[in-house]
Amino acid sequence: MNELWALGQGSVRDVLGRLPPERNLAYTSGATILRILDEKGFVESEKNGKSLIYRPLLEKDRYQSRSLQNLSRTLFDDTPATLVARLVDDAGLTEDDLEEIRALVERRLQNDSG
């Protein structure tokens with residue numbers, strides 16, 4: 001999705017061409033991923049000659065929000081606190097990372113109470 005957002009629109013080859021060489025993703029794998037994203041309504045495709053041209057339907061922040069909500073629902077029993085706890089415990093966060101998270105939480109609490 002990141003590469004498709006950067007392109008605006010593109011074919012499977014266009015998207016794969018933007019990936020770092022070490023990714024080494026096969027054409028068929030890239031095509032499958034884009035087809036699934038199309039089926040789920042995250043992108044749309046349009047036939048252009050023999051190729052399909054894909055275009056994102058969601059902006060990145062909306063896509064991230066939906067994906068995170070789905071992750072929370074399916075993997076963390078719809079308990080966001082458990083998701084955050086796993087992130088804080090396992091991600092090897094630096095002290096600066098934790099301070100930034102604390103500031104975000106405090107800002108949210110202030111906005112909700114004000």
Side-chain angles (χ1 to χ4, degrees):
M1 284 298 294
N2 285 326
E3 304 311 329
L4 197 54
W5 283 311
L7 287 167
Q9 66 177 26
S11 67
V12 173
R13 289 201 193 288
D14 294 332
V15 172
L16 292 178
R18 292 188 50 87
L19 295 176
E22 61 271 11
R23 261 318 281 281
N24 198 26
L25 191 65
Y27 179 89
T28 53
S29 297
T32 298
I33 291 167
L34 287 168
R35 180 183 49 79
I36 291 169
L37 290 169
D38 193 357
E39 290 170 359
K40 291 186 176 217
F42 295 120
V43 303
E44 68 179 357
S45 61
E46 180 179 309
K47 192 86 166 156
N48 184 1
K50 293 183 179 183
S51 296
L52 286 172
I53 303 300
Y54 293 90
R55 184 172 62 84
L57 290 175
L58 295 175
E59 292 181 12
K60 188 173 185 174
D61 62 338
R62 182 67 186 130
Y63 177 81
Q64 288 172 334
S65 180
R66 282 181 57 180
S67 296
L68 194 56
Q69 288 170 357
N70 185 51
L71 180 69
S72 176
R73 184 174 45 258
T74 58
L75 194 56
F76 294 94
D77 300 323
D78 208 14
T79 310
T82 305
L83 185 150
V84 172
R86 175 64 59 198
L87 173 68
V88 170
D89 289 344
D90 291 349
L93 299 174
T94 66
E95 197 170 313
D96 288 342
D97 293 333
L98 292 169
E99 286 299 329
E100 187 175 349
I101 292 169
R102 181 193 321 252
L104 290 167
V105 170
E106 287 175 359
R107 189 174 330 131
R108 172 66 190 272
L109 289 170
Q110 288 174 352
N111 288 343
D112 285 355
S113 68

Backbone N/O of Thr94 and side chain of Asp97: donor-acceptor pair under 3.5 Å: yes
Membership question, hydrophobic clusters at under 4.5 Å side-chain separation (ILVMFWY): are Ile53 and Leu37 in the same one? no
I'd like to know whether CD of Glu39 has more than 12 heavy-atom contacts from other residues, nucleotides or ligands below 6.0 angstrom. yes
Sorted by chain and number, sequence neighbours left out, salt bridge (charged side-chain N to carboxylate O under 4.0 Å, His left out) with Arg102 holds for Glu99
Across all chains, not counting sequence neighbours, the side chain to side chain donor-acceptor pair (under 3.5 Å) partners of Gln64 are none
Got a list of side-chain donor-acceptor pairs under 3.5 Å for residues 21-31, not counting sequence neighbours?
none

What do the steps show when you test Glu46 against Leu52 for side-chain contact (heavy atoms from CB on, under 4.5 Å), and what is the final call? CA-CA 5 Å; Glu46 180 179 309; Leu52 286 172; over 6 Å; no
Is there a side-chain contact (heavy atoms from CB on, under 4.5 Å) between Leu98 and Val88 once you walk through the steps? CA-CA 8 Å; Leu98 292 169; Val88 170; 3.9 Å; yes
So CG of Asp96 and CD of Glu100: to nearest 0.5 Å the spacing works out to 8.5 Å
Which pairs would a plain distance check flag for residues 70-84, meaning a side-chain donor or acceptor within less than 3.5 Å of a matching protein atom at least two apart in sequence or in another chain?
from: Asn70; atom 1: OD1; to: Arg73; atom 2: NH2; distance (Å): 3.3
from: Thr74; atom 1: OG1; to: Asn70; atom 2: O; distance (Å): 2.8
from: Thr79; atom 1: OG1; to: Phe76; atom 2: O; distance (Å): 3.4
from: Thr79; atom 1: OG1; to: Asp77; atom 2: O; distance (Å): 3.1

Please say yes or no: joined through hydrophobic side-chain contacts below 4.5 Å, possibly via intermediate residues, are Met1 and Leu19 part of one cluster? yes
Atom pair CZ/OG of Arg62 and Ser67 - distance to nearest 0.5 Å: 10.0 Å
Kindly determine whether Leu4 and Tyr54 satisfy side-chain contact (heavy atoms from CB on, under 4.5 Å), including the steps that lead there. CA-CA 8 Å; Leu4 197 54; Tyr54 293 90; 4.0 Å; yes
If you compare all heavy atoms of Trp5 against all heavy atoms of Leu58, which two are closest, and at what distance to 0.1 Å? NE1-O, 2.9 Å
Separation of Asn2 CG from Leu7 CG (nearest 0.5 Å): 11.0 Å
Lys47 to Gly49 - nearest heavy-atom pair and separation: CE-O, 3.4 Å
Filter on salt bridge (charged side-chain N to carboxylate O under 4.0 Å, His left out), then keep only pairs touching residues 3-13, sequence neighbours left out; what's left? Glu3-Arg18
For Ser11, does its backbone N or O pair with a side-chain atom of Asp14 as donor and acceptor, under 3.5 Å? yes
According to side chain to side chain donor-acceptor pair (under 3.5 Å), who are the partners of Arg66, at least two apart in sequence or on a separate chain? none
